[in-house]
Chemist: 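For reference, the structure I am asking about is given below.
Labels below follow one simple rule: chain letters A, B, ... track the order of the sequence lines, proteins then strands, and each chain is numbered from 1.
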There are 2 protein chains.
Amino acid sequence: MTRIKDVALAAGVAPSSASRALTGHPHVSPELRARVEAAALRLNYRPNAVARSLRSTGTRTIGLVVSDLLNPFFTELARAVEDAARQAGFSVIVGNADEDPAQQDHYVRILLERQVDGLIVVPTTETSPLLHEAARRGDHLVLVDRPAADVDAPSVLADGTDAITELVDHLVTTGRQDIAIITGPDRAGSSKHRLSAFRDALARHARPLPPARVRHGDFRRSSGSTELAALLAGNSVPDAVFVANGSMALGAIEYLATHRDAAPLVPESLAVAVFDDLPWFSLLSPTLTAIEQPTAALGRRAVEMLLDRIAGRPVSDERLGCVLRLRESTQRPRGVSR
Amino acid sequence: MTRIKDVALAAGVAPSSASRALTGHPHVSPELRARVEAAALRLNYRPNAVARSLRSTGTRTIGLVVSDLLNPFFTELARAVEDAARQAGFSVIVGNADEDPAQQDHYVRILLERQVDGLIVVPTTETSPLLHEAARRGDHLVLVDRPAADVDAPSVLADGTDAITELVDHLVTTGRQDIAIITGPDRAGSSKHRLSAFRDALARHARPLPPARVRHGDFRRSSGSTELAALLAGNSVPDAVFVANGSMALGAIEYLATHRDAAPLVPESLAVAVFDDLPWFSLLSPTLTAIEQPTAALGRRAVEMLLDRIAGRPVSDERLGCVLRLRESTQRPRGVSR
DNA sequence: TGAATGTGTGGAATCGATTCCACGGAATCG
DNA sequence: CGATTCCGTGGAATCGATTCCACACATTCA
């Protein structure tokens, strides 16, 4: 491997000068710079970023720990983070926690050992000792999509309260009587938040949300099927269901499609709505009512906030709004008024 | 920050001994090891992976450069790679080339500078001077999903020839007369391969594939719409179309959905089939015929091959088969025989 | 019992770059 | 015109860990 020493030798200068020439230091004569650059090119020199990072502080790398890479929402988030990071000259190391707190900790630890300049995390749990400790030690940290109560770090979240309220209003005014929710695990902040926004919205219409109408999935595809099946198994079944993320929605729709004869008709006897909008929702029949999150914006803002933090600029929490996309799956069929 | 020197001091030993104790070196007395471990725990010592990598060779990191992270196929691939890598104790740095050869080169360069132990690349182009050079220099490299003629590196590809042949047979025997293809850019090896398998399969039935029936998209969603629109714009339109990847299929279906009145009926007057199967294809009506790739297996094998290569074990190319999933979108409606 | 081998430990060299410091010469300033 | 600042450069220290080497001591073997 050719090192900077070799380049310096070939150019007839000291290693220190070669380094200055190649990293664009101000006080370098054009003549020397040209000689060094020529030598570097001739020797096909590739700087060793590991050595560089050791001496100078900073790796120009940020770590991203997401809770489930297979969920298209996080894919898009990761993509946005990667994009924004690259534009700022940073690389991204991605860790997939798979909704498992232990695996999340594993990645946080690894990434910190790798001396990432900062960390963007979608916390799988609301309380995490390791994240708490990292924030306390002054590691640069930004939380995204889900809050974490005990971690002292800024967060960027999608605030779905208004959209959820609007959705519930729509369900109630179109005559739905028995409204259920399939939400995520209680340990996830986003899950709790969506549930309470939902409950509050129902309360405004003086509707309670009985425990039997709250199902906790794990945010993964298969739990969408299972939990919907559970809801439909009783002898009194709901006439509307709100699914708290896209992956579980896929599972739920699959359940409906594979049990077409036994399952209630959508939207006639069952309204379906989803938190998180996916491109193919409008290709289904009926098309699927969904709440659209500002996914890419979340990723971009997370990176901006992290870079601010790294640069020592002040950073505060941020909430981005969501938009309700009313489609066929929550429509009362024509003429069936009550 | 606490360094190993501090731990050594606290434990009353030399840094070299501390290092041996913590890295599980064989000749260390249990007593000393215990003292060092206690000190490390007490000081909350976190080893600096950058420094470690500089001295010892290897970063236990592999680089993955994919051509388009938003394509669910690559998401799943990335997920599989990440999974297999983690199990082997490696981290993954992901770069997204966005189907742009320049961006691909950018990432390959960055990742090599970061001293990744190996590189898994989905090449955007069939010939890449930088990859060629990297392979020549002996950097560990594995290509996945698409071949690259001039790069001396092992590859893992999904071989769709049989499935494509089967599909074409099915289209021809169910009476389709005018069969078209929307493939990817010519620079992508996978695109060329799918096109030629398709052409060969037609040729067996003595069917030519006229230039007007071959549309080149860019593998992205929007080009699916545009190219299908172009096919349907002429005064003679095809009665079957094969879309060469999932993202373009999404665009194509969107086009059909938004032009429902003007567009031909599927499958009655237009059969639609896709290379790459996505979970929601069977939720559409009509459900979508697709060729399923062994996506996760591709990712796993790529990692295994890369690790073999790093360990100096011999590695050879691999081809994994695909499966045709016949669904409604290519079915002749009952009674409309010819 | 003497030689050979093995074990546990400390000190110093090392990985490859950046950066601090010093120094000579040029430019600037009062 | 002497003093100060600035510029360009080389040599050496440095980042934090691992690993080579040497040495003291214990063990094994012939």
Side-chain angles (χ1 to χ4, degrees), chain A residues 1-37 39-40 43-61 89 109-117 137 139, chain B residues 1-37 39-40 43-61 89 109-117 137 139:
Chain A
M1 208 213 302
T2 93
R3 306 166 304 257
I4 200 170
K5 198 201 295 186
D6 306 319
V7 174
L9 200 68
V13 302
S16 45
S17 298
S19 169
R20 281 186 292 253
L22 293 173
T23 53
H25 203 82
H27 304 312
V28 176
S29 72
E31 192 269 339
L32 184 144
R33 170 158 306 168
R35 261 208 341 270
V36 171
E37 278 171 355
L43 299 183
N44 195 14
Y45 170 65
R46 212 184 289 291
N48 182 326
V50 170
R52 182 202 310 252
S53 299
L54 180 58
R55 182 53 170 101
S56 37
T57 35
T59 51
R60 299 203 74 74
T61 304
R109 200 166 281 121
I110 289 277
L111 291 168
L112 291 177
E113 286 184 4
R114 305 237 156 159
Q115 314 293 116
V116 293
D117 296 335
R137 287 193 0 175
D139 290 321
Chain B
M1 209 214 300
T2 94
R3 307 168 303 261
I4 199 169
K5 199 200 296 186
D6 306 319
V7 174
L9 200 67
V13 302
S16 45
S17 298
S19 170
R20 280 186 293 253
L22 293 173
T23 53
H25 203 84
H27 304 312
V28 177
S29 72
E31 193 269 338
L32 184 144
R33 171 160 306 168
R35 261 206 344 269
V36 171
E37 277 169 356
L43 298 182
N44 195 13
Y45 170 66
R46 210 185 288 293
N48 182 327
V50 171
R52 182 202 311 255
S53 299
L54 180 57
R55 182 53 170 103
S56 37
T57 35
T59 51
R60 301 203 72 75
T61 305
R109 199 166 281 121
I110 290 278
L111 291 169
L112 290 177
E113 287 184 3
R114 304 237 156 157
Q115 314 294 117
V116 293
D117 295 336
R137 286 193 0 176
D139 291 319

Chemist: Taking salt bridge (Lys or Arg N to Asp or Glu O under 4.0 Å) as the definition, give me every residue that meets it alongside B/D139, ordered by chain and number, with sequence neighbours left out.
Modeler: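 B/D139 satisfies salt bridge (Lys or Arg N to Asp or Glu O under 4.0 Å) with B/R137 only.
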
Chemist: Could you tell me which non-hydrogen atom of B/A39 sits nearest to which non-hydrogen atom of B/V7, and how far apart they are?
Modeler: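 Heavy-atom minimum between the residues: CB-O, 3.9 Å.
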
Chemist: Could you list, one pair per line, each protein nitrogen or oxygen that sits under 3.5 Å from a nitrogen or oxygen of nucleotides 16-18 of chain D, together with the distance?
Modeler:
unit_1	atom_1	unit_2	atom_2	d
D/dG16	N2	B/A51	O	3.3
D/dA17	OP1	B/Y45	OH	2.9
D/dA17	OP1	B/N48	N	3.2
D/dA17	OP2	B/I4	N	2.4
D/dA17	O5'	B/Y45	OH	3.2
D/dT18	OP1	B/R52	NH1	3.1
D/dT18	OP2	B/S19	OG	2.5
D/dT18	O2	B/R55	NE	2.9

Chemist: Output one line per pair: protein atom, nucleotide atom from nucleotides 26-28 of chain C, and distance, for all N/O pairs under 3.5 Å.
Modeler:
none

Chemist: Can you list every salt bridge (charged side-chain N to carboxylate O under 4.0 Å, His left out) pair that touches residues 6-16 of chain A, not counting sequence neighbours?
Modeler: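 Residue pairs passing salt bridge (charged side-chain N to carboxylate O under 4.0 Å, His left out), neighbours aside: A/R3-A/D6.
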
Chemist: For a quick test of reading the model, state the closest non-hydrogen atom pair linking A/V50 to B/Q115 and the distance between them.
Modeler: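 In this case the closest contact between A/V50 and B/Q115 is CG2-CG, 3.6 Å.
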
Chemist: A/E31 has an atom CD; how far is it from atom P of D/dG8, in whole Å?
Modeler: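 Roughly 12 Å, once rounded to whole Å.
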
Chemist: Grab the NE2-C1' distance between A/H25 and C/dT19 for me, whole Å please.
Modeler: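 My rounded result for the distance is 9 Å.
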
Chemist: With A/A8, which residues qualify under side chain to side chain contact (heavy atoms under 4.5 Å, CB included), at least two apart?
Modeler: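 Counting only residues at least two positions away or on another chain, A/A8 forms a side chain to side chain contact (heavy atoms under 4.5 Å, CB included) with A/V13, A/P15, A/A18.
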
Chemist: Give the rounded distance in Å between these two atoms: CZ of B/R35 and C1' of C/dG8.
Modeler: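 Spelled out: CZ on B/R35 to C1' on C/dG8 is 12 Å.
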
Chemist: Excluding sequence neighbours, so at least two apart, what forms side chain to side chain contact (heavy atoms under 4.5 Å, CB included) with A/S56?
Modeler: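 Checked A/S56 against side chain to side chain contact (heavy atoms under 4.5 Å, CB included); matches are A/R52.
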
Chemist: Restricting to side chain to side chain donor-acceptor pair (under 3.5 Å), what partner residues turn up for A/D117, sequence neighbours left out?
Modeler: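 Per chain and number, A/D117 pairs via side chain to side chain donor-acceptor pair (under 3.5 Å) with A/T59.
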
Chemist: For C/dT9, does OP1 or OP2 lie under 4.0 Å from any side-chain N or O of B/S17?
Modeler: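 Result: no.
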
Chemist: Output yes when at least one side-chain N/O atom of A/S29 is less than 4.0 Å from OP1 or OP2 of D/dT9, else no.
Modeler: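 Yes, because at least one side-chain N or O of A/S29 sits under 4.0 Å from OP1 or OP2 of D/dT9.
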
Chemist: Starting from P on C/dT5, measure out to NE2 on B/H27 and report it in whole angstrom.
Modeler: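 Atom NE2 in B/H27 sits about 15 Å away from atom P in C/dT5.
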
Chemist: Roughly how far, to the nearest 0.5 Å, is CG of B/L9 from OG1 of B/T2?
Modeler: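 Answer rounded to 0.5 Å: 11.5 Å.
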
Chemist: Who passes side chain to side chain contact (heavy atoms under 4.5 Å, CB included) against B/V116, sequence neighbours left out?
Modeler: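 Checked B/V116 against side chain to side chain contact (heavy atoms under 4.5 Å, CB included); matches are B/T61, B/L111, B/L119.
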
Chemist: Compute the angle between the rotation axes at the two ends of the helix from C/dT1-D/dA30 to C/dG30-D/dC1, each taken over five pairs, rounded to 10 degrees.
Modeler: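 That helix has its two terminal axes inclined by roughly 30°.
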
Chemist: Identify each donor-acceptor pair in which a side-chain atom of residues 19-32 of chain B lies under 3.5 Å from a protein atom, sequence neighbours left out, and give them as a table.
Modeler:
unit_1	atom_1	unit_2	atom_2	d
B/R20	NH2	B/S17	OG	3.4
B/T23	OG1	B/S19	O	2.8
B/S29	OG	B/L32	N	3.2
B/E31	OE1	B/R35	NH1	3.0
B/E31	OE2	B/R35	NH1	2.8

Chemist: In Å, rounded to the nearest 0.5 Å, how long is the span from CE of A/M1 to CZ of A/R46?
Modeler: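 Going from the CE atom of A/M1 to the CZ atom of A/R46 covers 10.5 Å.
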
Chemist: What is the distance, rounded to the nearest whole Å, between atom CG of B/L32 and atom P of C/dT7?
Modeler: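 About 16 Å, once rounded to whole Å.
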
